[in-house]
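Structure first, then comments.
Remember, it's 1-based here, ligands and their atoms both numbered in the order they're listed. Just so it is clear, the values below take in all heavy atoms, side chains as well, and ignore hydrogens, waters and symmetry mates.
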Amino acid sequence: MQLFAEPLRAAIAAKFGVEPDAIRLEAPRDDKQGDLALPCFLLAKQLKKAPPALAAELASALAGAVADVTAFATGPYVNFRIARPALARAVFAEIAEQGARYGGSSEGSGRKVVIDFSSPNIAKPMHVGHIRSTILGASLMRIFRHLGYTAVGINHIGDWGAQFGGLVVAIRRWRSEVDLEHDPVRGLLELYQRSKAAVEADPKFREESVAAYRELESGAEGEVRETWRWVTQVSLRGFDATYRRLGIGHDFVRGESFYEQLLEPTVARIQAAGVTEISEGALIVDLTGVDKGLKETPCLLRQTNGTTLYATRDLAALFQRFEEFEFERCLYVVGSEQRLHFRQLKAVLKRMAIEWEPRAEHVDFGLLLGPGRVKLASRKGAVLVLDDLIDEVVEEARRIIGEKNPDLADAASVAEAVGIGALVFNDLKRERIKDVVFDKAEILSFEGETGPYLQYTHARLASILRKAEANGEGGAEPDFAVLEGSGSILMRLARLPDVVRGAAARCEPSEISNYLLALCRELNSWYAENRVLGETPRTTAARVALIRASKSVLGNGLGLLGITPLEAM
Ligand code: ARG
């Protein structure tokens, strides 16, 4: 609530001769305690007074200091209440003026955040395990950009590693046995799975695949590298189709192989820092000294057979990113099953005494599970492919919409938006560390804590505005006194900027989700009690203004999550 908070802080600061920045105003826990609160503990200590006495003194001293704001003391707090008509006028004006930018700021200008998200592995379709990273990461990109940051999205595709030796050999041997023409992504998956089994069971196959991977890592041109390149291209094309559907993009697609030339220099740099040792033929960094929890799990940089590892490539990438972007934060949106890996990376930086180590953050998250909290699998029991999951939800959305609103124009694109909205919101509605349960019927409900519920509320607001327009209502000078009982909605609308800022600080889009759910609940009970159209012109105008501002805030919030706000559904 910058609008009223700033003059208030200035008035308080002037009373004590301190800087306005030293004055912290909070949102009170309870509406009855006004709209803003000043805790007096610190000031009371400085002034050697009892906090409640100081609060009472301040409340009377601040009476009338800022127009339309009254002050009263509650225990050790001074509470401030903003007169509803003035609050409404100020909030609506701010929202109208900022439009799509409302909720954002320019505080991130000149600051860079690198976001590593989605990052699937080639030779496999994107499976549901990647959906959470994709959705969370894309939302964080939008949130940081809304705050003016330069957010750099990087897709750290898994396109390097010993497994590709096996895949190349499998393609060499069995390419004629699968369909690599029409559905190459699925054909590759089949060969990939066969190669994994063969590496286990057949020593000759294993030998051949180690040789193939060594050839790949050597950088030599030839059949191995060509095959690998082809696999990469086919896979990327498949991923792109899914991203387009979700309205998502990265600034850079840089697979692990992108860092190929940097692997040796990276290993050399870590060695030069004097933190490596040889253990059973492998090059490792012992991490015990910086993190006791990693006593048994040193970071492996190079295997006995000379090849590098996932961690080596991630270290190369991290150094490269810092050089290129000088990021303030480098966020890894990756499931919590990789917690050990990121803890090791950070521990290596600590051992090297790299001062920017805290800037690398593992933004971890829980699993995506099926109803009954079982592992999600496709009907055939194979890997559940993300595209199939989206299809399934969109199909069900189409059915529900056809039933509820058979005359809806553009039903196919609405169904796509509702299906994707349901999937996305389900992923973002709880703290990210919690597991997500995917239950098609539940996530598509128009009444629960769902994406469609938010989209439906937005469409209802849009419909009221369309009717007002058609009736020529809402154009009178608004009488904001009729919004006397609507203070909590007004304050909610005013708080979007704080909510967005908090979501970015904690990498927690769920803070926006919960905010939007609360707003929609308030709005739904509000218009059950307050008729908008057909009232006196000045009353209607005030209520239309509230609807318009709410629609705008809801639309902006949905956009940040990656959900399409709908005009009708
Ligand atoms: N490709 C990995 C996987 O699917 C995720 C990569 C995450 N990003 C990273 N920089 N390690 O498990």
- Would you say the ring centroid of Phe258 lies under 6.0 angstrom from that of His156? no
Within the structure, does [X] bring an N/O atom to less than 3.5 angstrom of an N/O atom in ligand 1?
X: Arg321; answer: no
X: Asp314; answer: yes
X: Glu256; answer: no
X: Tyr332; answer: no

| Among protein heavy atoms, which lies nearest atom 4 (O) of ligand 1, and at what distance? |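 That would be His130 NE2, 2.9 Å.
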min-distance protein heavy atom vs atom 8 (N) of ligand 1 -> Asp116 OD1, 3.1 Å
For ligand 1, which atoms have a heavy atom of [X] less than 4.0 angstrom away?
X: Phe342; answer: 11 (N)
X: Val334; answer: 7 (C), 8 (N)
X: Tyr310; answer: 2 (C), 5 (C), 6 (C), 7 (C), 9 (C), 11 (N)
X: Asn121; answer: 1 (N), 2 (C), 3 (C), 4 (O)
X: Gln338; answer: 3 (C), 12 (O)

Name the orientation class of the two ring planes belonging to [X] and [Y] (parallel below 30°, tilted from 30 to 60°, perpendicular beyond 60°).
X: Tyr243; Y: His250; value: perpendicular
X: Phe322; Y: Trp356; value: parallel
X: Tyr213; Y: Trp160; value: perpendicular

Note to self: Given the ring of Tyr515, does Arg495 sit roughly above its face, with NZ or CZ under 6.0 Å from the centre of the six-membered ring and within 45° of the axis?
What the structure shows: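 Pair Arg495/Tyr515 does not count as cation-pi.
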Within the 4.0 Å heavy-atom cut-off, what Phe117 brings close to ligand 1 is neither
Output for pair (His146 NE2, Leu560 CG), nearest 0.5 Å, gives 5.0 Å
- Item | salt_bridge(Glu260, Arg225) N-O dist < 4.0 Å |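 Answer for the salt bridge query: yes.
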Inset, instruction - Run the salt-bridge test on Arg302 and Glu264 with the 4.0 Å N-O cut-off and return the result as yes or no. - result: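 Salt bridge: yes.
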